Each structure stands twice: as C-alpha cells, then as structure tokens.
Amino acid sequence: MALTLYQFPQTGRLPNDSPFCLKVQAYLRLAGLEYRCLGVPPFKSPTGKLPMLDDNGLRIPDSSAILAHLEASLGERALDAGLSESERAQGLAIQRLVEEHLYWALLWMRWIDPAGWPATLKSFFGALPPGPRQLVGGLIRRKLRRDARGHGLGLLSREQILHRAEQDLATLAALLGGQAYFLGAAPRTVDACVYGLLGNILGSELRTPLTELAERHANLKAYCARLQARCFPELNRA
Ligand SMILES: N[C@@H](CCC(=O)N[C@@H](CS)C(=O)NCC(=O)O)C(=O)O
C-alpha cells in the first residue's frame with residue numbers, strides 16, 4: 001500500500017490541528033500502516049474538506065470513508081475485527097457524539113467565539129502578512145459561522161454551547177470509566193475518532209474553554225495521554 005494523507009499544513013505541535021486529519025493519522029499509527037503527509041488547502045479535495053487519502057491512485061475524501069476503506073483492506077488485522085454487533089453500535093454512537101456534536105462546539109470556540117478568534121487567526125494564518133491574514137481568515141470564519149448555524153449549535157448562546165460541551169465530555173468520561181479504551185483493553189476505530197477531537201481539545205496549543213472542561217476528567221486526560229504515547233511517541237520526546 002502506498003498511502004498519502006492530504007491534510008491541512010501542520011501549524012502546531014500536534015500532527016494536525018484538524019480533528020478529522022488527526023483522527024486518520026491516529027488510525028494509521030494504530031494500524032501500523034506506513035504513510036506520508038502532504039499539506040494542502042481544502043479545495044484540493046472534491047468535498048472541499050480534508051482529510052483525503054490517496055491509496056495507490058485511489059482518492060478517498062472523508063475520514064470515515066478512509067477508515068472504512070482501510071479496515072476493509074486490513075481484513076483480519078482490522079482494528080475492529082472481532083467486535084460484536086453491540087460493541088460496533090456503541091462505537092458508532094460514541095463517534096457520532098464526538099464528530100456530529102462536540103466537534104461543532106470546538107469549532108465554535110475556535111472560530112466564532114470573539115475570545116478565541118485572535119489565537120485561531122494567529123495559529124492558522126500567522127504565516128500570511130497581516131492584510132491577507134485578516135481577509136482570508138475572515139472569509140473562512142464567515143463560512144464556518146454559516147456552517148455552525150446550519151448545524152444548529154451555532155444558533156445557541158456561548159453559555160448554552162459550553163453547557164452542551166460539558167455534558168458531552170461528562171458523557172464520554174462516564175462511558176470510558178476505568179477502561180483503557182472505549183471498547184476495552186485494545187484501541188479500536190472509535191478511539192482514533194475520539195482522540196482526533198480530544199487530542200485537539202487537550203493537546204493543542206490552541207486552548208479553548210473546552211480544554212478546562214475536559215481537564216476536569218482525569219480518565220479522559222489519561223486516555224488522551226495513553227493514545228498520544230502509543231500513536232505519536234515523538235510528541236512525548238519533544
Ligand atoms: N465528514 C468529514 C468532515 C471533515 C471536515 O469537516 N474537515 C474540516 C477540518 S476539521 C474542513 O476541511 N473544513 C474546511 C471547510 O469546511 O471549509 C470527515 O470526516 O472527513
């Protein structure tokens with residue numbers, strides 16, 4: 001397999017500050033697959049979003065489609081091999097909580113919240129001169145504000161969004177309990193999904209109010225550190 005991951009250019013210490021790009025990298029590391037990364041703008045992907053994987057010329061946009069493709073290629077070595085129907089259902093429910101709800105709270109805190117925006121602008125567009133930085137950053141911010149309203153979470157107040165995120169994080173902490181990973185002793189695809197977002201909440205230099213909310217849960221912090229050490233040991237050495 002010759003795998004190339006198209007993702008946003010790396011801007012901080014994490015392999016990627018995009019939760020969906022970090023998810024795919026975490027999966028590739030957990031599955032022990034060799035890959036290379038290319039930093040590109042999102043319009044390079046047919047969906048206008050990243051990540052996208054190139055597997056020997058076959059281009060696959062969407063992190064979940066990428067994981068499904070790789071799981072099918074791995075057969076018995078797939079991360080989810082041997083899971084029962086009920087475990088797969090639990091994994092999907094957790095994934096949806098993280099990607100279809102908590103993700104939007106992080107997006108809002110980074111991109112829309114006036115308190116978070118200056119740090120986001122600097123982190124993602126700091127390489128641009130001040131004029132283009134404001135222009136390009138502002139255009140993307142406007143699009144993401146529209147997207148967050150379309151999703152629905154972006155129609156709520158800041159306090160309501162924080163409350164929802166607090167509920168999501170407490171739910172994740174309760175579901176994880178004392179287990180090493182969400183479905184037991186071994187990491188599965190759901191853990192790549194959760195780490196993509198939780199790694200961004202807890203491990204990015206781009207701190208938001210969600211960082212403190214997540215830090216209240218010792219088991220989520222330990223889980224994140226466990227996955228980071230397993231997937232990206234180079235970060236622990238840095
Ligand atoms: N369902 C997609 C979501 C990917 C996604 O939302 N990517 C974001 C970055 S985290 C993106 O490319 N946003 C660019 C945009 O919306 O313009 C997946 O799982 O890959």
Side-chain angles (χ1 to χ4, degrees), residues 3-12 14-28 30-31 35 37-55 58-72 79-80 91-113 116-117 119-121 123-125 128 133 135-154 165 168 188-206 208 210:
L3 301 174
T4 303
L5 177 63
Y6 291 84
Q7 59 170 10
F8 291 93
Q10 188 177 353
T11 47
L14 281 181
N16 215 268
D17 275 328
S18 146
F20 293 104
C21 297
L22 186 62
K23 160 185 167 180
V24 176
Q25 279 214 51
Y27 175 86
L28 289 162
L30 287 173
Y35 63 99
C37 292
L38 270 186
V40 295
F43 61 77
K44 292 280 181 191
S45 159
T47 59
K49 290 183 187 245
L50 293 170
M52 174 173 71
L53 186 78
D54 186 306
D55 180 356
L58 175 66
R59 292 193 162 194
I60 308 158
D62 191 277
S63 63
S64 295
I66 294 169
L67 266 55
H69 166 78
L70 294 172
E71 283 285 282
L79 290 192
D80 287 352
L92 188 63
I94 293 167
Q95 177 186 344
R96 295 283 199 257
L97 167 76
V98 164
E99 296 184 353
E100 308 300 337
H101 195 265
L102 185 55
Y103 165 75
W104 288 96
L106 178 66
L107 179 144
W108 196 93
M109 291 298 155
R110 280 181 172 181
W111 289 87
I112 315 301
D113 185 10
W117 174 236
T120 302
L121 184 66
S123 171
F124 291 149
F125 305 101
L128 296 177
R133 184 187 313 158
L135 184 73
V136 176
L139 283 173
I140 296 175
R141 186 182 195 210
R142 198 180 323 157
K143 180 215 174 255
L144 293 178
R145 189 194 301 274
R146 236 182 6 249
D147 290 351
R149 287 187 174 145
H151 172 274
L153 202 75
D168 291 353
R188 306 288 191 166
T189 60
V190 62
D191 297 293
C193 302
V194 177
Y195 176 76
L197 190 66
L198 214 51
N200 263 286
I201 290 176
L202 283 167
S204 168
E205 290 98 338
L206 211 45
T208 68
L210 301 196

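When a residue number appears, it is its place in the shown sequence, counting from 1. Remember, it's 1-based here, ligands and their atoms both numbered in the order they're listed. Please read these numbers as outputs of a predicted model, since none were measured by experiment.
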Subset of ligand 1 atoms that lie under 4.0 Å from at least one heavy atom of S18: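 Every atom of ligand 1 under 4.0 Å from some heavy atom of S18: 9 (C), 10 (S).
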Atom indices of ligand 1 within 4.0 angstrom of P51 heavy atoms, with elements: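 The atoms of ligand 1 under 4.0 Å from a heavy atom of P51 are 20 (O).
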Nearest neighbour in protein (non-hydrogen) for [atom]:
| atom | answer |
| --- | --- |
| atom 9 (C) of ligand 1 | F8 CE1, 3.5 Å |
| atom 1 (N) of ligand 1 | D62 OD2, 2.9 Å |
| atom 17 (O) of ligand 1 | K143 NZ, 3.1 Å |
| atom 14 (C) of ligand 1 | G48 O, 4.0 Å |
| atom 12 (O) of ligand 1 | L50 N, 2.9 Å |
| atom 19 (O) of ligand 1 | S63 OG, 2.5 Å |

Do the non-hydrogen side-chain atoms of [X] and [Y] ever get within less than 4.5 Å of each other?
| X | Y | value |
| --- | --- | --- |
| C193 | K23 | yes |
| L53 | L3 | yes |
| R110 | D17 | yes |

Has S123 got a side-chain atom pairing as donor or acceptor with A119's backbone, closer than 3.5 angstrom?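 Side chain of S123 to backbone of A119, a donor-acceptor pair under 3.5 Å: no, none is there.
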Students often mix this up, so state it plainly: with edges at 30° and 60°, are the rings of F124 and W111 parallel, tilted or perpendicular?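 F124 and W111: parallel rings.
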Ignoring hydrogens and geometry beyond distance, is a side-chain donor-acceptor pair present between E99 and S63 at under 3.5 Å?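 The criterion, which ignores hydrogens and geometry beyond distance, is not satisfied for S63 and E99.
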Mind checking whether F43 contacts ligand 1 via backbone (N, CA, C, O), side chain (CB onward), both or neither, at a 4.0 Å heavy-atom cut-off?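 Under 4.0 Å from ligand 1, F43 contributes no heavy atoms.
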Quick one: does ligand 1 sit under 4.0 Å from the side chain of K23, the backbone, both or neither, non-hydrogen atoms only?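 Looking at K23 and ligand 1, no heavy atom falls under 4.0 Å.
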Check Y195, Y103, Y6, Y27 against F20 for a ring pair (Phe, Tyr, Trp, His ring centres under 6.0 Å) and give me the one that passes.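 The ring pair (Phe, Tyr, Trp, His ring centres under 6.0 Å) with F20 is passed solely by Y103 among Y195, Y103, Y6, Y27.
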